[in-house]
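For reference, the structure is listed below as structure tokens.
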Amino acid sequence: MAPSHAAAPSTSSSLRPAATLLVCAPRSSRSLPVPGDRADFRILMLKRNAAGTFKSVHVFPGGVVEASDGELAPKSHPLGAHAIAAIRETFEECGVGVFDPPVALDEKSSLDWRKKVHDDATQFKRFCAAYKVEPAVGRLVHWAHWVTPKFEKKRFDTQFFLSVLDSGEAAASSSVSVDGTENVLMDWLSPSEALQAFREKRISLMPPQFVLLTHLQNFTLKDLRGFVASQKAPVDLQPYEPVPQASDEGLILALPGDVLSRTPQPSFLHRVVMSMNGDGSRELKYIKTHQGKL
């Protein structure tokens, strides 16, 4: 993977490095596509519990980068510790493994190791040694970079990666499950299915997931496999640190290039508009256009 030359995000003493993995797999033959849906794949999404940082929100698996992640990271990889963290957290949270070679665990062994890794991240290295596998960092492509806005109490500098399971791994993943503590539900949804469920208030999304799902609607499984093979994403890898601005429509979260962002371009709108409904649900609208072309 070539290093990104994007500008560095803002610094903050409370900004924690984190990593997330978009795990994609072929669409199930039993899954009916959303009309007009180009994507022939589904994405792994987890519903966080109601008490955590991301209350009852659907997210991609991921979490904070730990010091031990660097011990497994390839020296030549510019984001090696983040990639290891993304694989580790995915295994820990739902049992889906991205390893070389692939490893099949019985339910008890999987649950036991996942608990060990949850309690102590250094156990992930021991797991890999015990099963003679390596985290398959080469099967991840760097997909996005988001930084939590400054007005939030808990802030993360998050690198998003994408990986594609083959058909055998996808079949094996049907038997895995969430941890039942941090995460309470596991879903495989196409981008359009997830966005439709959000519009119908069946799931809740945060702006990064909403924007990434919107982008992913434009690709096929063949496209994604090509991006992983080339180690080159077709999307902008500069840090997305939303700049908030109140408006009559709701809270504007200005993204890079928007006239309200830190890197403004004339007449360019690149933003998420967030508003809250009376029932407490969140509405999101993604806009990327030049003014006058809405």
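- A heavy-atom distance below 4.5 Å is found between the side chains of R282 and M274.
- Remark: aromatic rings of Y240 and W146 are close, center separation under 6.0 Å.
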Requested in this report: Walk me through it: do W188 and I43 pass the test side chain to side chain contact (heavy atoms under 4.5 Å, CB included)?
Outcome: CA-CA 5 Å; W188 287 95; I43 305 171; 5.9 Å; no
In a table with atom names and distances, give each donor-acceptor pair under 3.5 Å that connects a side chain of residues 123-132 to protein atoms at least two apart or in another chain.
none

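- Rounded to the nearest 0.5 angstrom, L237 CG and H142 NE2 are separated by 5.0 Å.
- When atom types are taken as modelled, the side chain of S110 and the backbone of G95 share no donor-acceptor pair closer than 3.5 angstrom.
- Between M206 atom CE and H58 atom NE2 the span is 14.5 Å, to the nearest 0.5 Å.
- Within the structure, side-chain hydrogen bond (donor to acceptor under 3.5 Å, both in side chains) contacts touching residues 61-70 (residues at least two apart or in different chains) are D69-R88.
- Side-chain N or O atoms of Q231 include one that pairs as donor or acceptor with a backbone N or O of V228 at under 3.5 Å.
- The pair R271-D258 meets the salt-bridge criterion, since a charged nitrogen lies less than 4.0 angstrom from a carboxylate oxygen.
- In this view, D120 and T122 satisfy the side chain to side chain donor-acceptor pair (under 3.5 Å) rule, not counting sequence neighbours.
- Of the possible donor and acceptor atoms, one in the side chain of S230 sits under 3.5 Å from a partner among the backbone N and O of F227.
- Within the model, atoms CG of L205 and CG of L195 stand 7.0 Å from one another, a figure rounded to the nearest 0.5 Å.
- F60 meets the ring pair (Phe, Tyr, Trp, His ring centres under 6.0 Å) test with no other residue; sequence neighbours excluded.
- Take K201 and apply the side chain to side chain donor-acceptor pair (under 3.5 Å) test, not counting sequence neighbours, and it matches D279.
- For the pair F160 and V235, the minimum side-chain heavy-atom distance is 4.5 Å or more.
- Under the side chain to side chain donor-acceptor pair (under 3.5 Å) criterion, D112 pairs with K108, sequence neighbours left out.
- Identified under the salt bridge (Lys or Arg N to Asp or Glu O under 4.0 Å) test for residues 205-234, with sequence neighbours left out: R38-D223.
- Applying the side-chain contact (heavy atoms from CB on, under 4.5 Å) test to A136 and every residue at least two apart in sequence or in another chain returns V98, D100, R139.
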Query raised in the report: E92 and K116: salt bridge (Lys or Arg N to Asp or Glu O under 4.0 Å), yes or no, with the steps?
Result: CA-CA 9 Å; E92 172 204 316; K116 288 179 183 178; over 6 Å; no
Kindly list each side-chain donor-acceptor pair under 3.5 angstrom involving residues 246-256, sequence neighbours excluded, with atom names and distances?
residue	atom	partner	partner atom	Å
S247	OG	E249	N	3.2
S247	OG	G250	N	3.3
S247	OG	G250	O	2.7
E249	OE1	K285	NZ	3.2

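- Ring centroids of F99 and F91 are separated by less than 6.0 Å, placing the two rings close together.
- Every ring pair (Phe, Tyr, Trp, His ring centres under 6.0 Å) that F210 has, sequence neighbours left out, goes to F198.
- In the hydrophobic clustering of ILVMFWY residues, with side-chain heavy atoms under 4.5 Å counting as a link, V65 and F161 come out apart.
- A donor-acceptor pair under 3.5 Å is formed between the side chain of R27 and the backbone N or O of A39.
- Evaluation of the side chain to side chain donor-acceptor pair (under 3.5 Å) rule for D119 yields K115 as partners, not counting sequence neighbours.
- To the nearest 0.5 Å, atom NE2 of residue H118 and atom CD of residue E93 are 8.5 Å apart.
- Residues forming a side-chain contact (heavy atoms from CB on, under 4.5 Å) with S275 (at least two apart in sequence, or on another chain): E283.
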